[in-house]
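These numbers come from the heavy atoms of this one structure, side chains and all, not from hydrogens, waters or symmetry mates.
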There are 2 protein chains.
Amino acid sequence: MQTIFAALAEPQRLRIVDLLRRGPRAVGEIQGALRLRQPQVSKHLKVLQGAGMVAVRRDAQRRIYALRPQPLAVLDEWLEPYRRYWNTRLDALEAHLDTTADQPRTRRSTKRA
Amino acid sequence: MQTIFAALAEPQRLRIVDLLRRGPRAVGEIQGALRLRQPQVSKHLKVLQGAGMVAVRRDAQRRIYALRPQPLAVLDEWLEPYRRYWNTRLDALEAHLDTTADQPRTRRSTKRA
DNA sequence: ATCGTATATTCTCTTGAGGGAATATTCAAG
DNA sequence: CTTGAATATTCCCTCAAGAGAATATACGAT
């Protein structure tokens, strides 16, 4: 889980994943599509591979990388309990709470505590 | 999106989120439950807040943190196109591909490319 | 055996994230 | 206005992640 999040936390890596969703690609293709340097592409792919998110196949001297569904499926499962959670809350009492700063005054007693 | 992943990539932060799923908590409670030091808890909460993942409410000199559903809902949406993806692939041709190393030989032509 | 293409690896450098300790701030109570 | 509890902030330190450049490796072609 941690590994999956970490892998996706990196911008370029997320781009790669998003690209691979449309089908397998060779390193060079990824490089071209995302305007990255070849070594960085390889490095990122290595990380993604370490997270089990991509699989490699050989084609002569090229390596074709493909997205592996499993880790994202795991992510999906992880999300499951939260889905119930927000189905409960998303309706009411959402906009009430202030995200960044703390609520000015407004002692609203209908809240919950 | 990036921000969400980054926020959840940190182990302690993931623990906090998982804890808050069971209901809002004051900083001290989180601290006690997860065996962390108070400053780190505050810091992590700040990051989570920056990602819009928690909301704060005041209770005297305590701050009650609650999980905000929205970012996780966003994550859920992000996952959507992938769901189609793995529904297509998860059945066959999954175990074929080698994750960590590259395929030894086996020129299987039923694959796809 | 050589060469050229595609990709991986190594090295170095820089930057930011996270931990720890100390300190500041906020607030209620008296 | 002082005090104590709860929380936030600051400062310092360390470490690892990511970029860039250079180089190594793998493999097909000739």
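- The phosphate of C/dG19 (OP1 or OP2) has a side-chain N or O of B/H44 nearer than 4.0 angstrom.
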Audit row: A/E10, A/H44, side-chain contact (heavy atoms from CB on, under 4.5 Å) steps and yes/no: CA-CA 9 Å; A/E10 220 287 325; A/H44 284 310; 3.4 Å; yes
Between the protein and nucleotides 10-13 of chain C, are there any N/O to N/O pairs under 3.5 Å, and if so, what are the atom names and distances?
residue	atom	partner	partner atom	Å
C/dT10	O4	A/K43	NZ	3.4

side-chain contact (heavy atoms from CB on, under 4.5 Å) assessment of B/V41 paired with B/L45: CA-CA 6 Å; B/V41 175; B/L45 285 171; 3.7 Å; yes
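- One donor-acceptor pair, N or O on each side, does fall under 3.5 Å between the base of D/dG20 and the side chain of A/Q40.
- No donor-acceptor pair under 3.5 Å is formed between the side chain of A/R57 and the backbone N or O of A/A55.
- At the phosphate of C/dG20, OP1 or OP2 sits under 4.0 Å from a side-chain N or O atom of B/R37.
- Across residues 27-36 of chain B, not one residue has a non-hydrogen atom less than 4.0 Å from an atom of DNA chain C.
- Spacing between atom CD of A/Q61 and atom P of D/dC27 amounts to 9 Å, rounded to whole angstrom units.
- Within residues 6-19 of chain B, no residue has any heavy atom under 4.0 Å from DNA chain D.
- In the hydrophobic cluster analysis, where Ile, Leu, Val, Met, Phe, Trp and Tyr join through side-chain heavy atoms closer than 4.5 angstrom, A/Y82 is grouped together with A/L8.
- The distance from atom CZ of B/R57 to atom P of D/dT7 is 12 Å, rounded to the nearest whole Å.
- Here B/Y65 does not reach the OP1 or OP2 of D/dA6: none of its side-chain N or O atoms lies under 4.0 Å away.
- Separating the CZ atom of B/R58 from the P atom of D/dT7 is a distance of 12 Å, rounded to the nearest angstrom.
- Among all heavy-atom pairs drawn from B/I64 and B/A26, the shortest one is CD1-CB, 3.9 Å.
- Looking at B/D18 and B/R21, a side-chain N of the basic residue comes within less than 4.0 Å of a carboxylate O on the acidic one, giving a salt bridge.
- If you measure from atom CG of A/L45 to atom C1' of D/dA17, you get 16 Å, rounded to the nearest angstrom.
- Using a 4.5 Å cut-off between side-chain heavy atoms of Ile, Leu, Val, Met, Phe, Trp and Tyr, with links allowed through other members, B/M1 and A/V47 fall into different hydrophobic clusters.
- The two atoms that bring B/R62 and B/E29 nearest to each other are NH1-OE2, 4.4 Å, heavy atoms only.
- Considering only heavy atoms from C-beta on, B/R13 comes within 4.5 Å of B/L48 through its side chain.
- A donor-acceptor contact under 3.5 Å is formed by the side chain of B/Q38 with the base of D/dA8.
- Atoms CZ (A/R63) and P (D/dA26) sit 9 Å apart, rounded to a whole Å.
- Ring geometry for B/W78 versus B/F5: interplanar angle over 60°, hence perpendicular rather than tilted (30 to 60°).
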Criterion side-chain contact (heavy atoms from CB on, under 4.5 Å) on B/T3 and B/M53, from CA distance to verdict: CA-CA 10 Å; B/T3 327; B/M53 305 200 55; over 6 Å; no
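- Nucleotide C/dC27 holds its P atom 14 Å from the CD1 atom of B/I64, rounded to whole Å.
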Working for side-chain contact (heavy atoms from CB on, under 4.5 Å), residues B/R63 and B/R58: CA-CA 5 Å; B/R63 310 283 176 105; B/R58 281 203 170 141; 3.4 Å; yes
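- Taking atom CZ of residue A/R62 and atom C1' of nucleotide C/dT5, one finds them 11 Å apart after rounding to whole Å.
- Rounded to a whole Å, the CD atom of A/Q2 is 14 Å from the C1' atom of C/dA17.
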